[in-house]
Amino acid sequence: GSATPRKLKLIAKHSYNNMTVLYRTESTGDGRGIRPRTYNNLADLLQDYYRLRVVKYSERKILVIQEIDQDIHNMSERARFILTVIDGKLAVHNRPEVEIFTNMDRMNFQRKLLDVVKTREFTKERVDALHANIERKRQERINLETIRPEQVWYGEIEEFVIEYCRREKCQRSTLES
């Protein structure tokens, strides 16, 4: 006979009964930190998986919001430093570093700004771009706050399916079709 997918073992039949998953735990009596759980059907396993994953998406959402807040803070401080120098409230040209740092400390600036802000950032275009970036980050934060973790998860699954179909050059199917 000819080589068929079944003969080549490219297709296999699997049973989804009596599935065991090992879960990590904080502490168990045996000290291993592992708890087995047996599932008799796929729906129960997927339901538990969902409950575990949605918690992780909630935790990730909190971390991403914290990162965005830090980005907004850093960019705002950078903008405040640049505008303070532009407005002449902080003179940095041809002055001893000790005097500059004393003034920066008094104005609550981090000293590293003197090293990381480049001269080109004092142009109007760069200042405007920095303010636009701050506003984009604020909007990103607002958008992230309003979305539920389940929506983020679903969106990522959608992105994966779209990219998979694009790469594999396949027709996207849905449950309805």
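The structure displayed is predicted, hence computed values, not measured ones.
For Gln171, the CD atom counts as loosely surrounded, since its 6.0 Å shell holds 12 or fewer non-hydrogen atoms of other residues, nucleotides or ligands. Atom OH of Tyr164 is surrounded by 12 or fewer heavy atoms from other residues, nucleotides or ligands within 6.0 Å.
Counting only heavy atoms from C-beta outward, the side chains of Phe109 and Thr84 approach each other to under 4.5 Å. Considering only heavy atoms from C-beta on, Leu130 stays 4.5 Å or farther from Asp128 through its side chain. Side-chain contact between Asp69 and His73 is absent, with no heavy-atom pair separated by less than 4.5 Å. Taking 4.5 Å as the limit, every side-chain heavy atom of Tyr39 sits out of range of all side-chain heavy atoms of Thr20. With contacts defined as side-chain heavy-atom distances shorter than 4.5 Å, the pair Met19/Leu42 qualifies. Looking only at side-chain heavy atoms (C-beta outward), Phe81 and Met104 come within less than 4.5 Å of each other. Between Arg60 and Lys56, the closest side-chain pair of non-hydrogen atoms is not below 4.5 Å. Between Glu59 and Tyr57, every side-chain heavy-atom pair lies at or beyond the 4.5 Å cut-off.
Classification of Asp48 and Arg51 as a salt-bridged pair holds, one side-chain N sitting under 4.0 Å from a carboxylate O. Classification of Glu140 and Arg136 as a salt-bridged pair fails, no side-chain N sitting under 4.0 Å from a carboxylate O.
Checked by atom type and distance alone, the side chain of Arg78 pairs as donor or acceptor with a backbone atom of Val116 at under 3.5 Å. A side-chain donor-acceptor contact under 3.5 Å links Glu121 to the backbone of Lys118. Without hydrogens or angle criteria, Lys61 side chain to Ile147 main chain gives a donor-acceptor distance under 3.5 Å. Judged by distance alone, the side chain of Asn41 and the main-chain N or O of Ala43 form a donor-acceptor pair under 3.5 Å.
Val64 and Leu144 make their closest contact through CG1-CD2, 3.3 Å (heavy atoms, listed as atom of the first residue, atom of the second, distance). Across Ala91 and Ile100, no two heavy atoms sit closer than the pair O-CG1, 3.8 Å. For the pair Leu22 and Pro36, the tightest heavy-atom approach, listed with the atom from each and the gap, is CD2-CB, 3.7 Å.
Hydrophobic cluster membership differs between Val98 and Leu114, with clusters built from Ile, Leu, Val, Met, Phe, Trp and Tyr side chains linked at under 4.5 angstrom. Each of Val21 and Val54 belongs to its own hydrophobic cluster when Ile, Leu, Val, Met, Phe, Trp and Tyr are linked at side-chain heavy-atom distances under 4.5 angstrom. Cluster membership for Phe101 and Ile82, using ILVMFWY side-chain heavy atoms within less than 4.5 angstrom, is shared. No chain of hydrophobic side-chain contacts below 4.5 Å, direct or via other Ile, Leu, Val, Met, Phe, Trp or Tyr residues, connects Leu63 to Val55.
In summary, the side chains of Asn74 and Asp71 do not present any donor paired with an acceptor at a separation below 3.5 Å, with no hydrogens or angles considered.
Rounded to the nearest 0.5 angstrom, Arg80 CZ and Leu90 CG are separated by 10.0 Å. Here CD1 of Ile68 is found 12.0 Å from CD of Gln70. Values are rounded to the nearest 0.5 Å.
Between Tyr50 and Trp153, the ring planes are parallel. Angles under 30° get that label, and only those over 60° would be called perpendicular.
Every residue two or more places apart in sequence or in another chain was checked for a salt bridge (charged side-chain N to carboxylate O under 4.0 Å, His left out) with Glu159, and none qualifies.
A side-chain hydrogen bond (donor to acceptor under 3.5 Å, both in side chains) with Tyr154 is found for exactly one of Glu158, Gln151, Glu150, Glu156, namely Glu158.
Listed by first and then second residue, the salt bridge (Lys or Arg N to Asp or Glu O under 4.0 Å) pairs involving residues 95-105 are Arg95-Glu99, Asp105-Arg111 (not counting sequence neighbours).
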